[in-house]
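Here the structure comes first, spelled out in structure tokens, and everything after it is commentary.
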Amino acid sequence: MLDHTAAPTPAYHVDASNPQRVRRAIEDVRLGLSRWRLASTLAWLDIRNRYRGSVLGPFWLTLSTGAMLLGLGLLYSTLFQMPLREYLPHLAVSLVIWNAISQMVNEATASLTASEGIIRQMPLPYTVHSLRCVLRNGIVAAHNFPLILLVFLLCGHLPGPEALLAIPGFVLIAINAVAAALFLGMLCARFRDIGPIIGSVMQLAFFLTPILWKPRLLGEWEAWMPLNPFFAILETVRGPLVEGGGPPLAWLAAVIYTALMVAVAAAFFVRFRGRVAFWV
């Protein structure tokens, strides 16, 4: 005789008066970070799909960045009347790191909307999608790092032991990237006009940040450069590799900006995490 008793199914109860937003947000981040292998696999799949049919794949970016380094190096070293051997290491580190930061910020605006199908069909932590965005751009950016080593060898620039300080600089960039992917991903899912605005802001920031030029060219205004968050974050990597460690004020500003970015992302994630599925 068949047993028509229904199998027990898990029941989910949500108290509207006590949604426990903080606990759910913390659990999302914890589960998302624990599933970093899934995020890395999805990131690698994105790269393979993006460059499917290409002979060189992401190395096309390496070639274009190398050509830009050579052209801009020859031009701006002449305009600024700097020796090419002195200017080129600064430009190489600045341009490679800026391209990574800019690409991460621009793609962070679509970190959730690009995963619309997955979000609506699978109960994955939203942190996985943010990690996917960051890891994807990190892998692509890694293809340009050999250019820095090549420029250092050609120009005879040898960083000292202070180059190890670039490691915490990369950590700060990674923390900011994950926080930005969460915050901007949610913000741009709700307000779709913000994505193009951020793209325009990043173009303006490229010229306002000392990438093509050196901060000392500002004279007495150089002291105000830490007010530019992109300069502070960039200097935590460029300073140790090119300038012997970087100014302490830039490091302090970078830590403060990172803390603010994490705090804003956390507050937004706790408050609006439950609405993401309706926004994408």
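Everything numeric here is computed off the predicted structure, so don't read it as measured data. Quick note: numbers below take in every heavy atom, side chains included, and nothing from hydrogens, waters or symmetry partners.
- Side-chain atoms of Arg132 do not come within 3.5 Å of backbone N or O of Ala39 as any donor-acceptor pair.
- At least one donor-acceptor pair closer than 3.5 Å links the side chain of Ser34 to the backbone N or O of Leu31.
- Side-chain atoms of Thr113 and Trp279, non-hydrogen and from C-beta on, never get closer than 4.5 Å to each other.
- Using a 4.0 Å cut-off between charged nitrogen and carboxylate oxygen, Glu235 and Lys214 do not count as a salt-bridge pair.
- A salt bridge is absent between Glu27 and Arg21; no separation between the charged side-chain nitrogens and carboxylate oxygens falls under 4.0 Å.
- Contact annotation: the side chain of Leu124 approaches that of Arg35 to within less than 4.5 Å [non-hydrogen atoms, C-beta and beyond].
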For the pair Glu86 and His157, evaluate side chain to side chain contact (heavy atoms under 4.5 Å, CB included) and give the outcome as yes or no after the intermediate values.
CA-CA 8 Å; Glu86 174 189 346; His157 177 77; over 6 Å; no
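- The shortest distance between side-chain heavy atoms of His143 and Ile139 falls below 4.5 Å.
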Working note: Ile97 + Phe170, criterion side chain to side chain contact (heavy atoms under 4.5 Å, CB included); need CA distance, chi angles, decisive distance, verdict.
CA-CA 10 Å; Ile97 301 302; Phe170 281 116; 3.9 Å; yes
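- Tracing side-chain contacts under 4.5 Å through hydrophobic residues (I, L, V, M, F, W, Y), one reaches Leu227 starting from Leu217; they form part of the same cluster.
- Tracing side-chain contacts under 4.5 Å through hydrophobic residues (I, L, V, M, F, W, Y), one reaches Ile173 starting from Ile198; they form part of the same cluster.
- Judged by distance alone, with hydrogens and angles left aside, the side-chain atoms of Ser40 form a donor-acceptor pair with the main-chain N or O of Arg37 at under 3.5 Å.
- Thr209 approaches Leu234 most closely through the heavy-atom pair CG2-CD2, 4.2 Å.
- Across Gly169 and Trp251, no two heavy atoms sit closer than the pair N-CH2, 4.0 Å.
- A distance-only check finds a donor-acceptor pair linking the side chain of Trp213 to the backbone of Phe207 [under 3.5 Å].
- The minimum heavy-atom distance linking Ser111 with His129 is given by the pair O-CB, 3.8 Å.
- For the atom pair OG of Ser94 and OH of Tyr87, the computed distance is 8.0 Å after rounding to the nearest 0.5 Å.
- At most 12 heavy atoms of other shown residues, nucleotides or ligands fall within 6.0 angstrom of atom CG in Asp193.
- Between Phe183 and Phe268, the two ring planes are perpendicular [angle over 60°; tilted spans 30° to 60°].
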Determine, step by step, whether Thr258 and Ile233 satisfy the side chain to side chain contact (heavy atoms under 4.5 Å, CB included) criterion, reporting the C-alpha distance in whole Å, the side-chain angles of both residues, the deciding distance to 0.1 Å, and the verdict.
CA-CA 9 Å; Thr258 301; Ile233 298 296; 3.9 Å; yes
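- Of the possible donor and acceptor atoms, none in the side chain of Ser115 sits under 3.5 Å from a partner among the backbone N and O of Leu112.
- Tyr76 meets the ring-ring contact (aromatic ring centres under 6.0 Å, His included) test with Phe80; sequence neighbours excluded.
- Here the closest non-hydrogen pair linking Glu107 and Asn137 is OE1-ND2, 3.2 Å.
- Under the 4.5 Å side-chain criterion, counting only non-hydrogen atoms from C-beta, Arg273 is in contact with Asp28.
- Linking ILVMFWY residues whenever their side-chain heavy atoms come closer than 4.5 Å, directly or via other members, places Met202 and Leu184 in the same cluster.
- For the atom pair OG1 (Thr62) and CZ (Phe145), the distance works out to 10.5 Å, reported to the nearest 0.5 Å.
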Can Phe206 and Leu95 be said to form a side chain to side chain contact (heavy atoms under 4.5 Å, CB included), step by step?
CA-CA 10 Å; Phe206 174 78; Leu95 194 60; 4.2 Å; yes
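- Taking Val178 as the reference, Leu131, Val134 meet the side-chain contact (heavy atoms from CB on, under 4.5 Å) condition, with sequence neighbours excluded.
- Contact of the Val237 side chain with the Leu172 side chain is not registered, since no non-hydrogen atoms from C-beta on lie closer than 4.5 Å.
- The closest donor-acceptor contact from the side chain of Ser64 to the backbone of Leu61 lies under 3.5 Å.
- When side chains are defined from C-beta on, Met104 does not count as touching Cys133, because their heavy atoms never get closer than 4.5 Å.
- When side chains are defined from C-beta on, Met186 does not count as touching Arg190, because their heavy atoms never get closer than 4.5 Å.
- Note that CG of Leu147 and CG of Leu70 are 11.0 Å apart. Values are rounded to the nearest 0.5 Å.
- Taking CG of Leu69 as the start and CG of Asn144 as the end, the distance is 8.5 Å to the nearest 0.5 Å.
- The line from CE of Met82 to CG of Leu79 is 10.5 Å long, rounded to the nearest 0.5 Å.
- In terms of heavy atoms, Phe231 sits closest to Pro215 at CE1-CG, 3.9 Å.
- Heavy-atom minimum distance, Ala254 versus Thr236: CB-CG2, 3.6 Å.
- The aromatic ring centroids of Phe230 and Trp98 lie less than 6.0 Å from each other.
- With contacts defined as side-chain heavy-atom distances shorter than 4.5 Å, the pair Pro210/Arg238 qualifies.
- Under a hydrophobic-cluster definition in which Ile, Leu, Val, Met, Phe, Trp and Tyr are linked whenever side-chain heavy atoms come within less than 4.5 Å, directly or via other members, Phe269 and Ile175 are assigned to different clusters.
- In the hydrophobic clustering of ILVMFWY residues, with side-chain heavy atoms under 4.5 Å counting as a link, Val201 and Leu212 come out apart.
- In this structure, OG in Ser130 is found 3.5 Å from CG in Leu182, a value given to the nearest 0.5 Å.
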